[in-house]
Protein chains: 2
Amino acid sequence: MANLKQLAHSLGLSITTVSRALDGYSDVSAATRERVREAAEAAGYRPNASARRLRKQRAELVAVTLPSDPGHVGPPHFLDMLSGCAEHLATAGLNLVIAPVPRGVSELEICQRFVDGRRVDAMLLVRTKRKDERVEYLQSRGIPFVTNGRTESLIPHPFIDGDGFAGFRAATLRFHAAGHRRIGHIAGPQEYYFAHVRRRGWQAAMEECGLATDLCAEGAPLEQGGYLAALELLRQPSRPTALVCATDEMAIGALRALREVDGGSQISIVGHDDLSMGAFTSPPLSTMRMTGENLGATFASLLLRAIAGEPAEDLQELHAIEFVDRDSHRRPPVAA
Amino acid sequence: MANLKQLAHSLGLSITTVSRALDGYSDVSAATRERVREAAEAAGYRPNASARRLRKQRAELVAVTLPSDPGHVGPPHFLDMLSGCAEHLATAGLNLVIAPVPRGVSELEICQRFVDGRRVDAMLLVRTKRKDERVEYLQSRGIPFVTNGRTESLIPHPFIDGDGFAGFRAATLRFHAAGHRRIGHIAGPQEYYFAHVRRRGWQAAMEECGLATDLCAEGAPLEQGGYLAALELLRQPSRPTALVCATDEMAIGALRALREVDGGSQISIVGHDDLSMGAFTSPPLSTMRMTGENLGATFASLLLRAIAGEPAEDLQELHAIEFVDRDSHRRPPVAA
DNA sequence: GTTGACTCCCAAAACGTTTTGGAGGATGTT
DNA sequence: AACATCCTCCAAAACGTTTTGGGAGTCAAC
């Protein structure tokens with residue numbers, strides 16, 4: 001109800017003075033400033049957001065696209081990340097809007113809708129692809145953004161990511177050191193950067209050990225995808241004795257496949273993401289996770305720095321991946 | 001870049017005409033309308049959202065507060081719900097912003113911040129309490145809103161909720177019919193409506209069966225809360241033979257407690273929410289879930305109708321709860 | 001008593017849209 | 001010929017804020 005004009009009128013001051021008093025400018029006397037502040041407080045005055053946005057040419061909004069493609073918007077801890085991110089952004093006066101991508105619409109279109117309508121000052125991108133058209137578009141428009149996950153873009157852009165290559169290489173080497181020789185990989189869709197790089201990590205380790213890299217099956221990054229991929233590997237003439245899975249959800253699907261296949265419980269398994277439910281599967285799922293505190297807040301702070309104009313090269317965070325030791329990777333390597 | 005003024009100038013028309021042509025008004029000739037449309041398309045024109053919002057006195061935004069209190073923002077499927085909701089709202093030109101509540105700030109304050117700054121046209125509320133100050137505030141301000149979960153507000157308001165009373169009563173009676181006599185309840189914090197009503201459902205069934213209602217322990221609505229509450233019940237001189245748990249997360253904690261306590265695996269258990277991880281616990285967790293398609297879209301459509309001015313009484317949906325049959329409720333009732 | 005510096009305040013413009021209240025011309029009606 | 005009726009179009013106001021570019025007054029210094 002209360003706007004600047006009414007407030008100014010009731011105080012016998014100009015709109016300008018009231019506005020500047022509330023913004024703490026020095027060209028209004030301390031006494032007046034205080035008087036204005038009290039009146040504003042009493043009237044419950046809050047500046048009209050739309051008006052300020054129009055005038056300041058800033059939307060005070062950031063959007064994150066939610067890929068809804070595979071029936072699932074994202075891993076369960078994803079909401080925690082968004083929440084932490086939104087909370088951090090709020091301290092800078094930015095609100096986070098979630099932009100789900102309806103069936104039949106491309107993520108690019110959603111980006112454009114927000115950017116071209118000047119509805120947002122910046123974007124947050126998740127589930128990046130190796131060649132990601134959203135990244136290309138935003139770069140061409142000069143809109144600040146940060147991705148969760150890298151891309152193969154030639155022009156550098158801000159990102160935060162886990163070092164999937166090192167993580168999956170280390171996990172594979174760990175299995176090798178434990179005596180495994182037939183180590184399979186359950187891969188995610190290779191157009192996603194994370195899936196590709198995790199697979200390359202596994203592959204590198206296998207080659208270092210002089211092992212064949214044919215025990216690899218690809219599936220959707222969901223429980224069902226992991227289930228089907230695992231069945232495929234278990235049908236091989238010489239079964240794997242260990243499975244390195246691109247995600248926990250896939251690993252849980254693989255566990256189900258293992259249960260169904262005779263002798264499957266002998267097979268070691270490890271996933272990635274540290275889903276909380278992994279602690280309650282049987283056996284409890286060993287996994288990997290990105291190191292670092294509060295991913296969401298970091299994500300937000302990178303974005304704020306991008307908006308402030310810091311160069312992309314300074315805004316790239318690659319976090320180490322740590323192993324989470326539970327039970328599912330402890331099966332002994334069965335004799336060939 | 002492109003705005004109405006530039007577009008109008010390049011077409012040799014007035015701003016008014018261009019604006020009205022794009023909005024499809026009949027007072028601009030079909031020929032002009034088409035010419036304008038093409039030019040707008042070619043220029044990639046999108047109306048400036050802030051300007052329209054200011055002029056139309058609508059924020060085109062809806063916020064949902066995310067309770068971050070217990071370290072956890074909400075059940076895992078919560079994001080799916082929000083995503084479906086945002087998608088549906090988008091068809092009406094509304095975007096959904098997520099408003100996490102930082103530590104030390106009340107949910108009410110967050111509501112006020114959005115409402116008083118006219119940053120939103122309406123609010124979505126989740127995790128309602130029996131006496132919910134957010135509801136009172138929004139009612140007093142006349143802001144449209146819908147809650148996920150009921151409240152004890154005397155003034156009716158739009159909501160969508162599951163019939164926890166009937167669901168928990170039915171589940172308890174099911175245990176009774178299977179021969180159980182000492183049926184415990186692991187309750188959530190009673191200030192939450194859902195927790196209270198679920199407990200009352202259990203209690204009603206127990207009383208109908210002439211059983212004592214002292215086997216009840218309360219905890220935080222998380223794995224840990226369920227774990228502690230279950231331990232408490234298992235310490236009783238005469239242990240329960242079955243546990244009805246307010247949420248799946250609590251039930252999973254209870255399962256852990258059961259594993260740790262001698263003979264615990266004899267105890268039947270059921271939760272509520274149908275978390276996907278419940279299918280992978282051992283034993284797989286029997287549970288309950290609200291019936292109905294796409295909660296998020298329903299939530300959104302109730303809100304749109306509330307914004308359109310439909311009376312609250314017509315916007316209250318109470319959905320039946322169905323039992324999800326897995327393994328954890330099949331333990332035989334041990335003799336007393 | 002003029003000048004400059006400083007303090008406190010304000011009118012007006014601007015942001016880009018939608019909407020109001022006509023204007024001007026063509027066409028039809030009396 | 002006068003009048004009403006459409007059909008197209010438009011100038012200007014309005015939404016509520018921030019910012020620009022001073023204006024008036026006071027005070028001290030020359």
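Keep in mind that the numbers below use all heavy atoms, side chains included, and drop hydrogens, waters and symmetry copies. Throughout, a chain's letter reflects where its sequence line sits, starting with A, and its residues are numbered from 1.
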Whole angstrom value for the distance that separates C1' of dT18(C) from CZ of R58(B): 11 Å
Whole angstrom value for the distance that separates C1' of dC15(C) from CD of E60(A): 14 Å
Taking 4.0 angstrom as the limit, do D314(B) and R305(B) come out as a salt bridge? no
Can you tell me if the side-chain N/O atoms of S29(A) get under 4.0 Å from OP1 or OP2 in dT7(C)? no
Please identify each residue that fulfils side chain to side chain contact (heavy atoms under 4.5 Å, CB included) with P158(A), with sequence neighbours left out. V146(A), A306(A), A312(A), L315(A)
Expressed in angstrom and rounded to an integer, what is the separation of L13(A) atom CG from dT7(C) atom C1'? 15 Å
Could you tell me how far apart R53(B) (CZ) and dT17(D) (P) are, to the nearest whole angstrom? 17 Å
Looking at Y192(A), does the NZ or CZ of R127(A) lie under 6.0 angstrom from its six-membered ring centre and within 45 degrees of the ring axis? yes
Spacing of R33(A) atom CZ relative to dC9(C) atom C1', expressed in whole Å: 13 Å
Sequence neighbours left out, what passes side-chain hydrogen bond (donor to acceptor under 3.5 Å, both in side chains) with R20(A)? Give chain and number order. D27(A)
OP1 or OP2 of dA11(C) sitting under 4.0 Å from any side-chain N/O of S14(A)? no
Name every residue in residues 34-52 of chain B that has at least one heavy atom under 4.0 Å from any atom of DNA chain C, in order of residue number, or write none if there are no such residues. Y45(B), P47(B), N48(B), A51(B), R52(B)
List for me each residue that meets salt bridge (Lys or Arg N to Asp or Glu O under 4.0 Å) alongside R150(B), sequence neighbours excluded, and say none if there are none. D161(B)
List for me each residue that meets side-chain hydrogen bond (donor to acceptor under 3.5 Å, both in side chains) alongside E34(A), sequence neighbours excluded, and say none if there are none. none
Whether Q57(A) contacts dT18(D) is assessed here as follows: a side-chain N or O lying under 4.0 Å from the phosphate OP1 or OP2. Is that the case? no
Tell me which pairs pass ring-ring contact (aromatic ring centres under 6.0 Å, His included) where either residue lies in residues 121-153 of chain B, with sequence neighbours left out. F145(B)-H157(B)
Between R119(B) and E60(A), does any NZ, NE, NH1 or NH2 come within less than 4.0 Å of an OD or OE carboxylate oxygen? yes
How many Å lie between CG on L4(A) and P on dT17(D), as a whole number? 5 Å
Just to verify, what does R37(A) make a salt bridge (Lys or Arg N to Asp or Glu O under 4.0 Å) with, not counting sequence neighbours? none
Residues two or more places apart in sequence or in another chain: which of them pass side-chain hydrogen bond (donor to acceptor under 3.5 Å, both in side chains) with E317(B)? H319(B)
All N/O pairs under 3.5 Å across the protein-nucleotides 19-23 of chain D interface:
unit_1	atom_1	unit_2	atom_2	d
dT19(D)	OP2	Y25(A)	OH	3.1
dT19(D)	O4'	R55(A)	NH2	3.2
dT19(D)	O4	T16(A)	OG1	3.4

For K131(B), enumerate each residue passing the side chain to side chain contact (heavy atoms under 4.5 Å, CB included) test, keeping only those at least two apart in sequence or located in another chain. E136(B)
For the pair made of CG in L11(B) and C1' in dC9(D), what is the distance, rounded to whole Å? 14 Å
Atom-pair distance (CZ on R119(A); P on dG16(C)), nearest Å: 16 Å
Between dG16(C), dG16(D), dC10(C), which one does the side chain of N3(B) approach most closely? dG16(C)
Sequence neighbours left out, what passes side-chain hydrogen bond (donor to acceptor under 3.5 Å, both in side chains) with T298(B)? Give chain and number order. none
Angle between terminal axes - the helix from dG1(C)-dC30(D) to dT30(C)-dA1(D), 5 pairs each end, rounded to 10°: 70°
